[in-house]
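Positions are given from 1, in the same order as the sequence printed here. Whatever order the structure lists ligands and atoms in, that order sets their numbers, starting from 1. All values below were derived from every heavy atom in this structure, side-chain atoms included, with hydrogens, water molecules and symmetry-related copies excluded.
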Amino acid sequence: MSNSATSRPIRKAVIPAAGLGTRFLPATKATPKEMLPVVDKPAIQYVVEEAAGAGLSDVLMITGRNKRALEDHFDRNYELESALTKKGDADRLARVQESSDLATMHYVRQGDPRGLGHAVLCAAPHVGDEAFAVLLGDDLIDPRDPLLARMVEVQQTYGGSVVALMEVDPEQIHLYGCAAVDATAEGDVVRINGLVEKPATEDAPSNLAIIGRYVLDPAVFEVLRKTEPGRGGEIQLTDALQTLAADEAVGGPVHGVVFKGRRYDTGDRGDYLKAIVRLAAERADLGPDFKTWLRGYVAEEM
Ligand code: G1P
């Protein structure tokens with residue numbers, strides 16, 4: 001078993017952010033979709049906060065053309081900071097500085113967008129020979145329901161790789177990677193025997209969908225180098241994980257953590273709107289007024 005990564009602390013997070021965001025055009029013509037605000041923070045900041053909150057202070061973003069705003073957002077902005085300092089606006093100054101203090105940020109460009117598996121492979125030189133996390137920006141996990149920290153814990157116990165799973169309506173499984181699993185002694189942990197990317201409902205081995213959080217053994221890089229383009233002509237991370245799940249000797253076992261907490265999808269316009277409404281309604285500062293207005297609006301319109 002190549003399981004060199006077992007029990008070494010996990011420090012690095014990889015965030016693929018090279019997608020074109022075509023579902024949000026024209027908003028994403030000149031702005032990366034990751035920068036679209038969810039209430040008053042760009043979606044990507046929630047994801048970096050989640051990584052930092054799970055103790056992963058080294059973040060590598062896989063970007064592409066048109067993504068400079070991402071780098072600027074996680075960097076200092078001295079002009080703005082000095083203007084706010086002069087005004088004595090400590091509150092807003094803190095908000096500006098928050099995003100540059102979260103983690104040590106690194107960036108690499110994907111060049112050719114050849115799929116999620118290819119994006120993750122671009123992280124190989126930075127990650128080296130240690131287990132690492134992957135967080136997909138379209139999935140936001142509520143910070144009150146920590147998932148990544150649990151996945152890191154499970155990886156430290158079992159070694160190998162760990163993916164996040166969530167039960168979905170069988171009609172929805174064609175939008176996700178899907179896992180065939182066996183139970184373990186721990187209620188929220190399953191052993192993964194097989195994975196298939198976006199199966200039709202009738203071919204799906206379960207209703208357990210991969211949501212965009214992974215803790216991976218570095219053996220995945222060697223597997224990805226050999227993984228042929230799959231669904232949609234793209235190199236699929238799910239296919240590489242299937243190779244790992246099929247032969248434990250390659251990179252240790254693959255486990256799943258079944259998540260039952262709050263997840264918001266920001267990859268689809270309708271779900272993105274729902275995420276904003278839910279998160280705004282729950283905010284202590286904005287929620288009370290917003291909910292009062294929302295009740296009135298619903299009563300009038302529906
Ligand atoms: C990707 C993965 C898929 C996973 C999903 C989670 O698909 O390929 O296995 O279930 O993320 O959000 P995408 O949504 O990028 O098409």
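Across all non-hydrogen atoms, the minimal contact from Leu70 to Tyr107 is O-OH, 3.8 Å. Shown here for Gln110 and Ala18, the closest heavy-atom pair between the two residues is OE1-CB, 3.2 Å. Across every non-hydrogen atom of Leu147 and Ala164, the tightest pair is CD2-CB, 3.7 Å.
More than 12 heavy atoms of other shown residues, nucleotides or ligands fall within 6.0 angstrom of atom CZ in Arg283.
When Glu197, Lys198, Met166, Glu234 are ranked by how near their heavy atoms come to atom 3 (C) of ligand 1, first place goes to Glu197. For atom 10 (O) of ligand 1, the candidate residues are Ile211, Asp268, Ile210; the nearest heavy-atom contact is made by Ile210.
For Asp139, the closest heavy-atom approach to ligand 1 falls below 4.0 Å. Residue contacts with ligand 1: Thr238 is included, with a non-hydrogen atom under 4.0 Å away.
Contacts between Leu136 and ligand 1, counted as non-hydrogen atom pairs separated by less than 4.0 Å, involve the side chain only.
Ligand 1 has no nitrogen or oxygen under 3.5 angstrom from a nitrogen or oxygen of Tyr214. Between Gly177 and ligand 1, a contact under 3.5 Å exists for at least one N or O pair.
In this structure, the side chains of Ile141 and Ile211 come closer than 4.5 Å at one or more pairs of heavy atoms. Taking the side chain as every heavy atom from C-beta outward, Phe132 and Leu60 never approach each other to under 4.5 Å.
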